[in-house]
A.B. asks: 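Dropping a structure here in structure tokens format, bear with me for questions.
All of these numbers come straight from a predicted model, not from anything done at the bench. Values below: every heavy atom of this structure, side chains too, minus hydrogens, waters and symmetry copies.
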Amino acid sequence: MNNWKLAYKITAVNCGIVVLIGIVCGAVNYRDNFGLILGLVCLFGGVINLVLGIFIILLGSKDWGKGFLNSAGILLLLSGISCSIGFSDFNLH
């Protein structure tokens, strides 16, 4: 990880933290739908990273802002995939 740019390091750490929180929340609520819980946690993490990334870029730190915006994009993509899997398994009967 020493050769990675700062933006990639921030992206990896942010995505890792949010996905880990989603996995822990999904494991604790094992009776509920795991994909839906992981998707919602990734959605909230993505929105928070998006707001932080825009705010940090406006303050003038482009490398840090790029890292947060990269992780926001990845987390929002993961949330769409996870929630769609979670809703397809959701039993509405």
A.B. asks: In a check of side chain to side chain contact (heavy atoms under 4.5 Å, CB included) between Val18 and each of Val13, Leu75, Ile48, Ile74, which one passes?
C.D. replies: Leu75
A.B. asks: Does Ile21 have any side chain to side chain contact (heavy atoms under 4.5 Å, CB included) partners at least two apart in sequence or in another chain, and if so, which?
C.D. replies: Ile17, Cys25, Val41
A.B. asks: Nearest 0.5 Å, please: how far is CG in Asn49 from OG in Ser71?
C.D. replies: 3.5 Å
A.B. asks: CG/Asn14 to NZ/Lys9 distance, rounded to the nearest 0.5 angstrom?
C.D. replies: 14.0 Å
A.B. asks: How is the hydrophobic cluster of Phe55 composed, in terms of its other members, when Ile, Leu, Val, Met, Phe, Trp and Tyr link through side-chain heavy atoms under 4.5 Å apart, directly or indirectly?
C.D. replies: Leu59
A.B. asks: Can you name the nearest heavy-atom pair linking Leu38 to Ser82, along with the distance?
C.D. replies: CD2-OG, 3.8 Å
A.B. asks: What distance do Cys15 atom SG and Leu77 atom CG have between them, rounded to the nearest 0.5 Å?
C.D. replies: 10.0 Å
A.B. asks: To which residues is Ile57 joined in a hydrophobic cluster, defined by side-chain heavy-atom contacts under 4.5 Å among Ile, Leu, Val, Met, Phe, Trp and Tyr, whether direct or through other members?
C.D. replies: Leu50, Ile54, Leu58, Leu69
A.B. asks: Who passes side chain to side chain contact (heavy atoms under 4.5 Å, CB included) against Ser79, sequence neighbours left out?
C.D. replies: Cys42, Leu43, Leu76
A.B. asks: Can you sort out the partners of Leu6 under side chain to side chain contact (heavy atoms under 4.5 Å, CB included), two or more places apart, ordered by chain and number?
C.D. replies: Ile10, Asp63, Trp64
A.B. asks: Closer than 3.5 angstrom, by distance alone: can the side chain of Thr11 be matched with the main-chain N or O of Gly67 as a donor-acceptor pair?
C.D. replies: yes
